Amino acid sequence: MSRAVAAIVVLALIAPYALAQPEVEAQQDIERVAAEQQLQERIQRFVDMGLPQQAAVFVAALSESGMSPAEIMLMIMMAEEGGDDTMGMMMLLNAMKQSASSQPVVIDRGESLLVIEKGTLYIIDLEGVEVEATLKYQQGQALEDSAIMSLLGPMIGQARGKAQQAACMSNLKQLGLALHMHGDAHDGAIPGEDWVEATVAYAKNRQIYTCPSRPELPVGYAMNEQLIGMRLDEVADPSRTVWLFESNIGGESPVGGMEAVPAEGVHNGGVNCVFVDGHVKWVTAAQALDLIAQPVQ
């Protein structure tokens with residue numbers, strides 16, 4: 001058989017599958033849209049029942065998505081900003097993981113009871129003493145294949161960003177304390193261009209020099225170059241003077257000015273700064289430029 005004939009034979013064999021592929025993908029898209037619409041409708045029903053939006057998403061996820069309770073707990077914990085209900089959610093999911101037991105588990109949430117028994121979640125209104133909802137839940141479906149991911153994805157991304165910003169602010173708070181401890185031990189002197197090595201003995205943790213949003217930079221913060229060689233008591237307005245700020249310099253011990261501020265910011269269009277008085281604040285990139293440009297004496 002010649003190569004030309006062989007090629008024709010191969011094309012003839014694969015053509016039906018190649019032509020069918022777009023139809024398969026189109027059908028998958030239609031099914032996914034339908035699943036997402038069904039999920040949205042179910043969530044809205046729970047909202048109409050009086051459940052908060054996030055609680056409605058949570059319950060719908062349990063009953064429809066097929067994700068494991070542990071996976072959903074992780075997503076809810078990331079999506080929420082904490083609160084008194086966190087412990088209740090943890091208890092609920094722990095109970096669900098143990099739901100194979102013949103003994104039911106009851107969780108009191110004030111106005112309602114959650115009863116978990118043999119793979120079923122019951123929501124009971126205590127005021128009317130009636131079952132508001134009865135929901136089956138299951139495990140096994142991959143997280144990325146669930147329709148709920150399209151709803152929780154943005155919330156998770158936003159929550160992750162907030163968590164990173166909070167961790168970054170904690171880093172700077174500790175670094176501010178380390179800088180003050182250095183000053184106390186050196187007659188008020190502000191560290192020079194080797195400020196990282198000068199403060200690490202007081203910080204006792206090199207990880208806090210790295211911003212969690214930018215792990216590729218071993219040191220994600222820069223010292224205000226105007227402060228090099230100064231003493232703490234020489235700073236005119238400590239509460240308005242930036243000491244360290246999130247920078248785009250990198251390096252072992254970054255020092256810089258306005259040019260070192262990331263134009264697009266790091267966290268939601270802004271950067272975290274620690275001021276000479278020790279307080280930490282998030283400011284927009286434009287505000288950071290103005291603050292760093294101010295004379296320090």
Side-chain angles (χ1 to χ4, degrees), residues 81 159-297:
E81 297 180 11
R160 183 182 293 113
K162 289 182 179 179
Q164 290 175 338
Q165 180 178 345
C168 175
M169 296 182 77
S170 175
N171 287 353
L172 283 169
K173 185 68 175 178
Q174 295 177 70
L175 290 175
L177 290 173
L179 285 164
H180 274 283
M181 292 172 68
H182 174 276
D184 291 342
H186 293 82
D187 196 26
I190 294 175
E193 294 186 354
D194 62 344
W195 67 270
V196 170
E197 288 305 317
T199 57
V200 72
Y202 304 99
K204 301 184 184 301
N205 183 1
R206 284 192 176 271
Q207 292 183 349
I208 65 174
Y209 293 87
T210 302
C211 172
S213 294
R214 299 178 299 165
E216 72 280 1
L217 295 178
V219 181
Y221 313 107
M223 179 176 284
N224 186 344
E225 61 187 6
Q226 295 189 68
L227 296 173
I228 299 298
M230 290 183 59
R231 295 165 48 89
L232 287 170
D233 57 10
E234 295 175 335
V235 179
D237 190 350
S239 66
R240 292 277 299 168
T241 302
V242 172
W243 203 341
L244 298 178
F245 59 94
E246 294 187 89
S247 75
N248 54 17
I249 299 177
E252 296 181 357
S253 194
V255 175
M258 295 173 60
E259 78 289 344
V261 177
E264 69 285 358
V266 177
H267 306 288
N268 195 30
V271 296
N272 291 323
C273 304
V274 60
F275 294 76
V276 174
D277 69 346
H279 85 276
V280 178
K281 184 179 180 180
W282 175 91
V283 297
T284 66
Q287 290 172 331
L289 293 174
D290 291 340
L291 288 166
I292 294 171
Q294 293 178 5
V296 299
Q297 289 180 299

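Note: hydrogens, waters and symmetry copies are ignored here, and every other heavy atom, side chains too, is used. Worth saying up front: this structure is predicted, and the values here are computed from it rather than measured.
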(request) State whether the side chain of E234 and the backbone N or O of V296 hold a donor-acceptor pair below 3.5 Å, judged by distance alone. (result) no
(message) Applying side chain to side chain contact (heavy atoms under 4.5 Å, CB included) to V196 and M223, what does each step give before you reach the verdict?
(response) CA-CA 10 Å; V196 170; M223 179 176 284; over 6 Å; no
(message) Could you measure the distance from the CG atom of D290 to the CD atom of Q287? Nearest 0.5 Å is fine.
(response) 8.0 Å
(request) Search all heavy atoms of Y209 against all heavy atoms of L175 and return the closest pair with its distance. (result) CE2-CD2, 3.4 Å
(request) Before giving the answer on side chain to side chain contact (heavy atoms under 4.5 Å, CB included), spell out for L291 and V283 the whole-Å C-alpha distance, their side-chain angles and the decisive distance to 0.1 Å. (result) CA-CA 9 Å; L291 288 166; V283 297; 4.2 Å; yes
(message) Can you tell me if R231 has over 12 outside heavy atoms packed within less than 6.0 Å of its CZ?
(response) yes
(request) Indicate the atoms forming the closest heavy-atom contact of L179 with P191, along with that distance. (result) CD2-CG, 3.7 Å
(message) To the closest 0.5 Å, what do you measure between CG (N205) and OG1 (T210)?
(response) 9.5 Å
(message) Measuring only between side-chain heavy atoms, which start at C-beta, is V235 closer than 4.5 Å to F275?
(response) no
(message) Working to the nearest 0.5 angstrom, can you tell me the gap between L289 CG and M258 CE?
(response) 5.0 Å
(message) Restricting to non-hydrogen atoms, name the atom on Q294 and the atom on R240 that form the minimum distance, rounded to 0.1 Å.
(response) NE2-NH2, 2.9 Å
(message) I need the minimum non-hydrogen distance between G265 and A285, along with the two atoms involved.
(response) N-CB, 4.2 Å
(message) Looking at C273, is its backbone amide N or carbonyl O close enough to the side chain of W243 to form a donor-acceptor pair, meaning the two atoms are under 3.5 Å apart?
(response) no
(request) Look at the rings of H186 and Y202 and say which category their plane angle falls in: under 30° parallel, 30 to 60° tilted, over 60° perpendicular. (result) perpendicular
(message) Take a 6.0 Å sphere around CD of E252 and say whether it holds more than 12 heavy atoms from other residues, nucleotides or ligands.
(response) no
(request) May I ask you to decide if C168's main-chain N or O and K173's side chain share a donor-acceptor pair within less than 3.5 Å? (result) no
(message) Can a donor-acceptor pair be found, under 3.5 Å and without considering hydrogens, that links the side chain of S253 to the backbone of E193?
(response) yes
(request) Enter the distance from H182:NE2 to L177:CG here, rounded to the nearest 0.5 Å. (result) 14.5 Å
(request) Please name the pair of heavy atoms, one in V242 and one in L227, separated by the smallest distance, quoted to 0.1 Å. (result) O-CD1, 3.6 Å
(request) Answer yes or no: are there more than 12 heavy-atom neighbours, outside E216 itself, under 6.0 Å from its atom CD? (result) yes
(message) Could you measure the distance from the CG atom of D277 to the NE2 atom of H180? Nearest 0.5 Å is fine.
(response) 7.0 Å
(message) For the backbone of C211 and the side chain of N171, can you confirm whether one donor and one acceptor N or O come within less than 3.5 Å of each other?
(response) no
(request) Any chance you could lay out the side chain to side chain contact (heavy atoms under 4.5 Å, CB included) test for Y221 and V274, step after step, and finish with the verdict? (result) CA-CA 10 Å; Y221 313 107; V274 60; over 6 Å; no
(request) Using a 4.5 Å cut-off on heavy atoms from C-beta on, say whether the side chain of L172 contacts that of M169. (result) no
(message) Could you report the tightest heavy-atom contact between L232 and V276, atom names first, then the distance?
(response) CD2-CG1, 3.9 Å
(message) Please check: side-chain N/O of E246 versus main-chain N/O of N272, any donor-acceptor pairing under 3.5 Å?
(response) yes
(message) To the nearest 0.5 Å, what is the distance between NE2 on H267 and CH2 on W282?
(response) 10.5 Å
